[in-house]
Number of protein chains: 2
Amino acid sequence: MHSQVRAHPSSGRGRPAGGSEGKRAAIVLAARRLFLRDGFERVSVDAIAAEAGVSKRTIYNHYGDKERLFLDVIGETYNTMIGAVVALMDKYLTDLPDEAVEDGIIAFSREVAMFAARTPERTAVIRLLMSEAPHFPALLAMEARPRGITASIAERLARLDARGLLDVPEPQDAANHLFALTMGQVNNRSMYGAIELSEDEVTRMATSGARAFLRAYRPR
Amino acid sequence: MHSQVRAHPSSGRGRPAGGSEGKRAAIVLAARRLFLRDGFERVSVDAIAAEAGVSKRTIYNHYGDKERLFLDVIGETYNTMIGAVVALMDKYLTDLPDEAVEDGIIAFSREVAMFAARTPERTAVIRLLMSEAPHFPALLAMEARPRGITASIAERLARLDARGLLDVPEPQDAANHLFALTMGQVNNRSMYGAIELSEDEVTRMATSGARAFLRAYRPR
DNA sequence: GTCTATAAAAAGATAGAC
DNA sequence: GTCTATCTTTTTATAGAC
């Protein structure tokens, strides 16, 4: 059959060997790497133990079973990725000078689209979430999170509306549209990272998407 | 790779339920059902054999190994789904009377978004494609297909532009935008069907997306 | 072509020593 | 807490009869 997961035992060695906490961290790191790369079913607990440089029994002592380890690790990774996207949102779209709103939104869109296309951990964890959610309903508890992303955009758009720089009667809808026209386009076209997109493609998509957004929401 | 019904070696016509061709069809049906529901790794050849009502050995005689059966079945299912979407595109967006273009595009968007949300075979096969593509590079050969969908939209938009009913200088970009604002929104928000969306939610998303599209591409 | 029966390997989880 | 060694079940794939 196709290759089974066999990690190199050496790759996990050399870390602070001492305490229980160090081993736990090594397990999390190894599990994240392997789960994101190969999915739940294709990764064996043996492989995680080898990659982390601990025995399999130690993993079972810490987490009880493979499923719990998976949910723990993926949940944490997902939250980290959502946080990174929200941070990106907060970094841009703030304090745009009146005359640079349109350029600012275009630059923001490019940045966000490029981030979407070039952060393999983000795409991998979302692909994993989508494919495993039917088998681990607990994963669906995280569904509410992405709202935070567009909520963050909506807040900025409402501010731009208040300054009369955009015409955004429904900020939440508009935020969804900006998201769909930039990051959403990248997600769909790349199949969440399964298909590689060139930098040019991403830039063109984001730019044309942002321009369409501006035509729709520019004050008349 | 591609999966067509093989030419029957002995019989001239028909398909006796107990014959080789009948069994092959039963295998395909069972495999599609189980793979779409549970993914590649979670489905055993034993389970497929039981579901199809044939022996495991018969499956191996027909397909050689599990991977080939999977690629065959998923490839055929994916092509079928793409065809259904393109057919939907072709059904709408044609012969819109001058005064009903905007309403027609909104109706089209709702229809397409609802189809996207309510066709579990479509979402399941795309989720499967995304999650398995890294392990089966052959699946990536299908990546070119989705272009057919937006190309179909682009053609209609260009026609509406020629009639002066829309202002669409770049039909392919505009088609991508309409797709992103309707079906794309549904795909992203539902995580390709992993999260259930209410009918109201889908309708609201599609309607607001179509209206944003129209504001961006309405003639001035 | 199709079936029953059976390899051969790998998986998740546990026992018991230290 | 951690390790080595082992149990039990399930998996893919094949042998050989009909």
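Order of the sequence lines fixes the chain letters, A, B, ..., with proteins taken first and strands second; residue numbering starts at 1 for each chain.
Minimum interatomic distance between A:A194 and B:M130 (heavy atoms only, all atoms of both residues): CB-O, 4.0 Å. Residues B:L157 and B:P171 come closest through the heavy atom pair CD1-O, 4.3 Å.
Listed by first and then second residue, the salt bridge (Lys or Arg N to Asp or Glu O under 4.0 Å) pairs involving residues 76-93 of chain A are A:D90-A:R156 (not counting sequence neighbours).
Every residue two or more places apart in sequence or in another chain that forms a side chain to side chain donor-acceptor pair (under 3.5 Å) with B:R159 is listed here: B:E155. With sequence neighbours left out, A:T207 forms a side chain to side chain donor-acceptor pair (under 3.5 Å) with A:R110.
Aromatic pair B:F70/B:Y63: centroids not less than 6.0 angstrom apart.
A heavy-atom distance below 4.0 Å to DNA chain C is reached by none of the residues of residues 68-77 of chain A. Near DNA chain D, meaning a heavy atom under 4.0 Å from it, residues 127-137 of chain A has no residue at all.
Rounded to an integer number of Å, the gap from CG of A:N61 to P of D:dC3 is 10 Å. Distance, B:R24 CZ to C:dG1 P: 9 Å, rounded to whole Å. In this structure, B:R42 atom CZ and D:dT12 atom P are separated by 14 Å, rounded to whole Å. Distance B:I27 CD1 to C:dC3 C1': 13 Å, rounded to the nearest Å. Note: OH (B:Y63) to C1' (D:dT12) measures 18 Å, nearest angstrom. Atom CD1 in A:I59 sits about 15 Å away from atom C1' in D:dT4, given to the nearest Å.
Within 4.0 Å of A:T58, counting heavy atoms only, lie sugar-phosphate atoms of the nucleic acid but no base atom.
When only modelled atom types and interatomic distance are considered, B:E196 and B:S190 share no side-chain donor-acceptor pair under 3.5 Å.
Within the 3.5 Å criterion, the main-chain N or O of A:F40 finds a donor-acceptor partner in the side chain of A:K66. Side-chain atoms of A:R127 come within 3.5 Å of backbone atoms of A:Y192 as a donor-acceptor pair (strictly under, hydrogens ignored).
For the atom pair CG of B:L88 and OG of B:S152, the computed distance is 9.5 Å after rounding to the nearest 0.5 Å.
B:R42 CZ: more than 12 foreign heavy atoms inside a 6.0 Å radius.
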Contact state string [nucleotides 12-18 of chain C, B base, S sugar-phosphate only, - no protein heavy atom under 4.0 Å]:
BBBB---
